[in-house]
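Everything on this sheet refers to the single structure shown next.
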Amino acid sequence: MNIYRTHNCGELRASDLGKQVRLSGWLHRKRDLGGMLFATLRDNYGITQILSEPGSECEKILSSVRVESVVTVEGEVISRGENINKNMPTGEIEVKLSKVIVQSSAEVLPFQVADDDNAPETTRLTYRFLDLRREKLHANILLRSKIISEIRRRMTDMGFVEFQTPILTSSSPEGARDYLVPSRLYPGKFYALPQAPQQFKQLLMVSGFDKYFQIAPCFRDEDARADRSPGEFYQLDIEMSFVTQDEIFAALEKLFIGLFSDLSDWKVTSPVFPRITYADAIAKYGSDKPDLRFALEIEDLGDIFAETSFSLFRDTLEAGHSIRGLCVDGLADKSRKFYKEIEDFVKEQGGKGVATVQFKDGEVKGSIGKHVSEAESAALRERFNAKDGSALFIMAGETDSIAKLLGQLRLKLADILDLREKNSYRFCWIVDFPMFEKDEETGEIIFSHNPFSMPQGGLEALNNMDPLEIKAYQYDIVCNGIELSSGAIRNHLPEIMYRAFEIAGYDRSVVDDKFGGMIQAFKYGAPPHGGIAPGVDRIAMLLANEQNIREVIAFPLNQNAQDLMMRAPSTVTEKQLKELHLKIVE
RNA sequence: GGAUCGGUAGUUCAGUCGGUUUAGAACGCCGGCCUGUCACGCCGGAGGCCGCGGGUUCGAGUCCCGUCCGAUCCGCCA
């Protein structure tokens, strides 16, 4: 018999009545009634009530030790009689103690484990081992484990092969800031931690492995966001040979529908996921990661106001900019405060303001109501299918910037008015990303996403089209407004690659130098291939219904990329620095 | 690097227009009472450089400036 336990804390039932059992776990709560002392004992599997008799040695020990101490107890499983607790799986029984051994006593806690006491995140991160004992976070981490094992099973079942790729690799241009590792053997040289195993997975395709996947650690030294962990994160990295974009979509839809249906009872988008072009997404949703749990589409209103007498709008259109708006129904009873809040939000986001038009009691009101002619009003009503009580939020200005602002306003309105469909995962693909874009600061042409994507139209497009007009076989998968991943059909042809890099300002020698391994490989017979790399942490966020990525990572860094528990980053010894040929300046 | 919000007991918060006593409450902690609790209950107690520094004022937790820390957003994230 195991010296610590015969059963875990989640498995005893009425069928075990009369058994002598031994349990080990953390003292979850204590309820000392003076004569009797009830306590609950918790482990990974559940919670069981234990009970000591008045005046017993067990009672003395239990009353003297704090909650969260680890104890081993022995006793008899007895019925709770009239006092069954229906909220507990083990609620029919309790264990009447004959022996208690304290394995490890707990000091006064910095925050409560049994209660969710909204402890500050700094404290929670410093005592992460305590936080991880708490119900929600513990469940999140177990869910994450399930997600990863389900992914492995489903990928393997679909014929994918799992690989490992190097963690110490070389720095490459483009992309995020690298984490660097100084080389001891080569003074002044550095390894870089991979931002993604991009080149390795493509090389595995060139090596003939056909279907690759990896739960891959990725390292990027960039600033954090609520859905972006600083430092390191995990991708479900996927690559396939001899595939079209549609075949990749089909594989991913199968994976996601299976995974999300299995691990959640929320509604999941049925195949085929909607495909929205990048241009449409920006125009209709003001974002390349639209939240499709609510409609509220942006409409272009340039044609309606083409002849307007309102000078602000006329000037905007004459300058070649745009007028666009959103329409929300049922706002007849909203106060001035509501519109003020909207106005303030838009200004906070960097907008100049937002014009409103309200249809109310057959009249046209709102901040620009009096500038709207009858014909314009009728056209607006028709465009938005507006009803009495509808309100329009209209912005005029530089096209890209108002598109983005309206996109943010769209989300804000969904927050305020609670427009999102509940208990639903709405997936979509965003396709036809531009191959290149203009660097706003320098005006130079740069890769807009991934330099390894195949341009639509191939070499001919690169040679003959305006680079900014060229689209790539480049796509994102989005769920509930969260970008899960980018992917692409890759460029496997050296000539097209050299030309694409040339347009982005890199000459042949730079490509040979920085991407030598891969470009070399492409000269020895490379299969057409493509892939994608959904973020595992973000999948876990969605399935755990958490707003912050740190809630699905066992040991996350804080926003400032520190580990408060392990105290990383930290200083190292002079000896270590010397071996690595490093000197600290300042 | 920038913006916004926040920082009062171990924790969560309250603290009005700058002045009402010794800066409060709940949870936790310590002590006492309590034989069927389920977040047990009841009584009592300890616990505070009001983030830090400066300023305004007769008087600052409260107003102003600076600074530090945190969260969120922008930049950044091929």
Side-chain angles (χ1 to χ4, degrees), chain A residues 28-40 47-56 59 63-64 66-68 78-88 90-91 94 96 106-127 130 172-178 195-196 198-199 218-231 233 344-345 347-350 404 408 411-412 433 435-437 439-441 446-453 472 474 483 486-488 500-501 504 506 514-515 533 535 547-548 550 558-560 562 564:
Chain A
H28 187 64
R29 288 183 201 279
K30 292 197 288 181
R31 292 183 282 271
D32 187 348
L33 272 57
M36 273 178 172
L37 191 154
F38 293 97
T40 44
I47 296 180
T48 299
Q49 176 159 288
I50 55 180
L51 142 82
S52 66
E53 298 216 62
S56 65
E59 187 200 28
S63 63
S64 69
R66 284 190 202 92
V67 291
E68 292 309 313
I78 60 168
S79 169
R80 290 218 208 170
E82 298 292 300
N83 302 302
I84 285 175
N85 185 338
K86 292 201 174 73
N87 300 320
M88 288 173 81
T90 62
E94 60 195 346
K96 191 174 171 187
E107 293 185 3
V108 174
L109 302 166
F111 53 80
Q112 299 311 297
V113 170
D115 294 295
D116 184 7
D117 65 355
N118 291 320
E121 202 179 12
T122 305
T123 315
R124 292 177 49 209
L125 288 170
T126 306
Y127 298 91
L130 288 180
S172 73
E174 293 278 323
R177 201 174 291 117
D178 284 318
Q195 295 183 20
Q198 182 68 34
Q199 294 189 58
C218 303
F219 305 89
R220 297 178 192 175
D221 188 1
E222 295 294 349
D223 291 337
R225 285 292 181 276
D227 64 353
R228 204 167 80 205
S229 200
F233 60 96
D344 288 348
F345 172 78
K347 285 181 176 161
E348 233 170 67
Q349 296 300 315
K404 200 173 161 195
Q408 284 163 320
L411 295 176
K412 178 73 175 179
F433 275 81
M435 182 82 189
F436 300 100
E437 63 187 25
D439 187 311
E440 279 182 30
E441 281 171 29
I446 55 174
F447 287 111
S448 69
H449 258 67
N450 186 321
F452 308 126
S453 300
Q474 164 87 43
E483 181 195 320
S486 285
F501 271 93
Y506 298 89
K514 290 299 181 182
F515 304 105
Q547 302 306 306
N548 193 298
R550 291 185 292 272
N558 70 2
Q559 186 177 239
N560 298 318
Q562 301 163 304
L564 297 175

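Lettering of chains follows the sequences in order, A, B, ..., and the numbering in each one begins at 1. Given the structure is predicted, the values throughout are model-derived calculations rather than measurements.
- Ring geometry, Phe111(A) versus Tyr127(A): the interplanar angle exceeds 60°, so the pair is classed perpendicular (tilted spans 30 to 60°).
- Which of U35(B), C29(B), C34(B) sits closest to the side chain of Val108(A) comes down to C29(B).
- Looking at Glu121(A) and Arg550(A), a side-chain N of the basic residue comes within less than 4.0 Å of a carboxylate O on the acidic one, giving a salt bridge.
- If you check every strand for non-hydrogen atoms under 4.0 Å, Arg550(A) touches sugar and phosphate atoms only.
- Spacing between C74(B) and U11(B) at atom C1', rounded to whole Å, works out to 33 Å.
- Following rounding to the nearest Å, Glu59(A) (CD) and G36(B) (P) show an atom-to-atom distance of 13 Å.
- Remark: the Glu107(A) side chain and the G10(B) base include no donor-acceptor N/O pair separated by less than 3.5 Å.
- Scanning atom types as modelled, one donor and one acceptor separated by under 3.5 angstrom connect the side chain of Arg228(A) and the base of C76(B).
- Using a 4.0 Å heavy-atom criterion, one finds that Gln112(A) contacts the sugar-phosphate atoms exclusively.
- Nucleotides G51(B) and G7(B) are separated by 6 Å at their C1' atoms, to the nearest Å.
- As judged by a 4.0 angstrom heavy-atom cut-off over every strand, Asn87(A) is placed among residues making no nucleic acid contact.
- Look at the C1' atom in both G41(B) and C34(B): the space between them is 8 Å, to the nearest Å.
- Comparing the C1' positions of A46(B) and C5(B) gives an interatomic distance of 34 Å, to the nearest angstrom.
- Within the nucleic acid shown, Glu53(A) has no heavy atom closer than 4.0 Å to any nucleic acid atom.
- With values rounded to the nearest 0.5 angstrom, Asp115(A) atom CG is found 11.0 Å from Leu109(A) atom CG.
- Taking atom P on both nucleotides, C29(B) is separated from C40(B) by 11 Å, rounded to a whole Å.
- At a cut-off of 3.5 angstrom, the base of C38(B) holds at least one donor-acceptor pair with the side chain of Arg80(A).
- Remark: the separation of the P atoms in C50(B) and G10(B) is 12 Å, to the nearest Å.
- Between G6(B) and U62(B), the two P atoms lie 14 Å apart (nearest whole Å).
- Note on Arg177(A): nothing from the nucleic acid sits closer than 4.0 angstrom, heavy atoms only.
- If you check every strand for non-hydrogen atoms under 4.0 Å, Gln49(A) touches a base.
- What separates CD of Glu121(A) from C1' of G7(B) is a distance of 15 Å, to the nearest Å.
- Across all strands shown, Arg29(A) has heavy atoms under 4.0 Å from sugar-phosphate atoms exclusively, and none from any base.
- If you take atom C1' in G54(B) and the same atom in C68(B), they sit 14 Å apart, rounded to whole Å.
- At a threshold of 4.0 angstrom between heavy atoms, the contacts of Phe447(A) are confined to the sugar-phosphate backbone, with no base atom among them.
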